[in-house]
Amino acid sequence: MENHKEKILVVDDEASIRRILETRLSMIGYDVVTAADGEEALETFRKTSPNLVVLDVMMPKLDGYGVCQELRKESDVPIIMLTALGDVADRITGLELGADDYVVKPFSPKELEARIRSVLRRVEKTGSTGIPSSGVIHVSSLRIDTNKRQVYKGDERIRLTGMEFSLLELLVSRSGEPYSRAEILQEVWGYTPERHVDTRVVDVHISRLRAKLEDDPSNPELILTARGTGYMFQRIIEPGEKNE
């Protein structure tokens, strides 16, 4: 049995799903709290301060999208959305609102458990190859502190979710070299894409990062598209290094 201390909030209006997930996640050592609708989810979140939220989309009172929006106003907590919706655009909506990942119903509890482990591991992970020993990177008007996992644009702190920071850290660690979408999904989210739509998780997070970091997100200068490959961070010129 794995020894976790993390607290997980499971939000679903189906009592059977709440019961199954509470039982399974508790058995592998997580502290689990539950909520049956969107309003209860927000109340429970504020009372218990969980480390991760598993959030159903279709719920009474306030749907998962509304909950996700409210949570992102006050917290960077990792969010995994559960969706039974067949339309890919509906799944992408949750990511655009700030969710870190999604799992499609009906799902295997083992798959969800693996996604939870992966997200928590990545959010807590610090340090990457290619990062200066100081852990602080200066590029353009940005200051990226990989020790504190914080980003500043000028004097203003830019609020990133844990997964957004992990994605930025990955790209910066190999600046000037492209990562494919599949590589990024494997490195940051911890799984290999099974369908083309899986890589949309990467595209949406890149879009969110650009919106927060770029002066003109429609014409990015920091996070570049590598045509036919994926994405790359502009090459960072180290102090004393000549820009050839």
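Side chain of S75 to backbone of R72: no donor-acceptor contact under 3.5 angstrom is found. In this structure, the side chain of S140 does not engage the main chain of L142 through any donor-acceptor pair within 3.5 Å. Side chain of S118 to backbone of A114: no donor-acceptor contact under 3.5 angstrom is found. At least one donor-acceptor pair closer than 3.5 Å links the side chain of W189 to the backbone N or O of D100. A donor-acceptor pair under 3.5 Å is absent between the side-chain atoms of R143 and the main chain of H138, judged by distance alone. With hydrogens and angles ignored, the 3.5 Å screen pairs no side-chain donor or acceptor of E6 with any backbone N or O of L120.
The existence of a salt bridge linking K61 and E40 is excluded, since no basic side-chain nitrogen approaches an acidic carboxylate oxygen closer than 4.0 Å. Contact check on D31 versus K5 returns no salt bridge, with no Lys/Arg side-chain nitrogen under 4.0 Å from an Asp/Glu carboxylate oxygen. Taking the charged nitrogens against the carboxylate oxygens, R208 and E164 do have a contact shorter than 4.0 Å, which makes a salt bridge. Taking 4.0 Å as the cut-off between side-chain N and carboxylate O, K73 and E70 count as a salt-bridged pair. Using a cutoff of 4.0 Å between basic side-chain nitrogens and carboxylate oxygens, K153 and D215 are scored as salt-bridged.
Nearest heavy atom pair, residue S175 against residue Q234, reads CB-O, 3.4 Å. In terms of heavy atoms, V151 sits closest to F165 at CG2-CE1, 3.7 Å. Among all heavy-atom pairs drawn from R149 and G162, the shortest one is NH2-O, 3.1 Å. G98 approaches C68 most closely through the heavy-atom pair C-SG, 4.0 Å. The nearest pair of heavy atoms linking V57 to D63 is O-CB, 3.2 Å. The shortest heavy-atom contact between P217 and A211 is CG-CA, 3.9 Å.
Residues T34 and E22 have side chains that never bring a donor and an acceptor to within less than 3.5 angstrom of each other. For the residue pair R210 and T225, a side-chain donor N or O sits within less than 3.5 Å of a side-chain acceptor on the partner. Between Y191 and D101, the side chains place a donor N or O and an acceptor N or O closer than 3.5 Å (distance only, hydrogens not considered).
Going from atom CG of L171 over to atom CE of M232 covers 9.5 Å, rounded to the nearest 0.5 Å.
For the pair R174 and Y179, the cation-pi criterion (under 6.0 Å, within 45° of the ring axis) is fulfilled.
Remark: D203 pairs with R181, R200, Y231 by the side-chain contact (heavy atoms from CB on, under 4.5 Å) rule, at least two apart or across chains. Partners of E177 by side-chain hydrogen bond (donor to acceptor under 3.5 Å, both in side chains), not counting sequence neighbours: none found.
Under the side-chain contact (heavy atoms from CB on, under 4.5 Å) test applied with L52, the options L9, L25, I80 reduce to a single match, I80.
Residues in residues 7-18 take part in these side chain to side chain donor-acceptor pair (under 3.5 Å) pairs, two or more places apart or across chains: D12-K105.
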